[in-house]
Visitor: 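Here you go, one structure.
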Amino acid sequence: MPLDDIAGSLFGGLFRFVIYVFVDIFFEAIIKGTGHIVLVTLRPNKEPSETACAAVGLLFWAALLVAGVLILRSLLK
């Protein structure tokens, strides 16, 4: 039984680490990175905050998703 507990803890910790890395990379690079690029393009003389970058990045990807769905629906009619 102790071997099952050790293996379960090991795999659980490894799984949490892998998920954390993917979520961190996804959120930091894709969401915040996109928001930073958009904000720096729109306001070149101001350094945006991390919260603003995250909000603008989420809005950008949401708008892109909605636009893609609308274009796909119009093409399939």
Visitor: Through direct or indirect side-chain contacts below 4.5 angstrom among Ile, Leu, Val, Met, Phe, Trp and Tyr, which residues connect to Leu59?
Guide: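 Result for Leu59 is none, singleton.
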Visitor: Sequence neighbours left out, cut at 3.5 Å: what donor-acceptor pairs do the side chains of residues 11-29 make with other protein atoms?
Guide:
from: Glu28; atom 1: OE2; to: Lys32; atom 2: NZ; distance (Å): 3.3

Visitor: Of all the heavy-atom pairs spanning Thr41 and Ile37, show the shortest one and how long it is.
Guide: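 The answer is OG1-O, 2.6 Å.
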Visitor: Side-chain heavy atoms nearer than 4.5 Å, only ILVMFWY residues, links allowed to pass through others: does that put Trp61 and Val38 together?
Guide: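 Yes, same cluster.
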Visitor: Do you know which two heavy atoms are closest between Phe60 and Thr34, and how far apart they sit?
Guide: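 Smallest heavy-atom distance, with atoms named: CD2-CG2, 3.2 Å.
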Visitor: Would you mind writing out the side-chain donor-acceptor pairs for residues 66-74 within the sub-3.5 Å range, not counting sequence neighbours?
Guide:
from: Ser74; atom 1: OG; to: Leu70; atom 2: O; distance (Å): 3.4
from: Ser74; atom 1: OG; to: Ile71; atom 2: O; distance (Å): 2.8

Visitor: For a quick test of reading the model, state the closest non-hydrogen atom pair linking Pro48 to Leu39 and the distance between them.
Guide: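 It is CB-CD1, 3.5 Å.
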